[in-house]
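Everything below concerns the one structure shown next.
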Amino acid sequence: MSSLTPLRPLSSALRQSYRGYASVLNTPTEVAQELPLRLQAIKLYKELHRLGRDYPDPKYDFNKRLRRAFEKNAKVTDPEQLKKQLELGEHIKKEVLALISLKKFRHLRRTYHANEGPR
């Protein structure tokens, strides 16, 4: 009776939902490359914002700087320039993950080896 068509199911890679860092680390890159550039940028922003919560230096205000950087490039429409900016964002994401890992490592090292000096 109704002429509504059923919604198509999402691909299995997009259907998976993760929480925390797992979404940043386990996101299939093939699926991300299939998305339009605008959606890739939104996805990257969300991942970086999530990582910014645990940025080691609270005075740096990572999420505020992240927002300003994305606002500054909001008017860019050239696909090549957008791809270049997305690659830069992916590099920054890897750097932030490394900083967070280093912070956690140093905390654990201080906890278990309090009387040793830095290496």
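Numbers here simply count residues along the sequence, with the first being 1.
- Listed here is the closest heavy atom pair of Asn63 and Leu48: OD1-O, 4.1 Å.
- Leu82 contributes atom CG, which lies 7.0 Å from atom OG1 of Thr77 (distance to the nearest 0.5 angstrom).
- Separation of atoms NE2 (His91) and NZ (Lys94) is listed at 8.5 Å; rounding is to 0.5 Å.
- Between atom CZ of residue Phe62 and atom NE2 of residue His49 there is a gap of 9.5 Å, rounded to the nearest 0.5 Å.
- For the atom pair CG (Leu44) and CG (Leu39), the distance works out to 12.5 Å, reported to the nearest 0.5 Å.
- Leu51 and Leu97 get closest at one heavy-atom pair: CD2-CD2, 3.6 Å.
- Sparse packing is recorded around NZ of Lys46, with 12 or fewer heavy atoms of other residues, nucleotides or ligands lying under 6.0 Å away.
- When the side-chain contact (heavy atoms from CB on, under 4.5 Å) test is applied to Arg68, the partners found at least two apart in sequence or on another chain are Lys64, Glu71.
- Taking NZ of Lys103 as the start and CG of Asp54 as the end, the distance is 6.0 Å to the nearest 0.5 Å.
- Counting only residues at least two apart or in different chains, salt bridge (Lys or Arg N to Asp or Glu O under 4.0 Å) contacts with residues 73-90 comprise Glu90-Lys93.
- Considering all non-hydrogen atoms of both residues, Gln85 and Asn73 come closest at OE1-ND2, 3.6 Å.
- In this structure, Leu86 CG and Lys43 NZ are separated by 10.5 Å, a value rounded to the nearest 0.5 Å.
- Residues Tyr55 and Val96 form a side-chain contact, since some pair of their non-hydrogen atoms from C-beta on lies under 4.5 Å apart.
- For residues 64-86, the set of pairs meeting the ring-ring contact (aromatic ring centres under 6.0 Å, His included) definition, not counting sequence neighbours, comprises Tyr45-Phe70.
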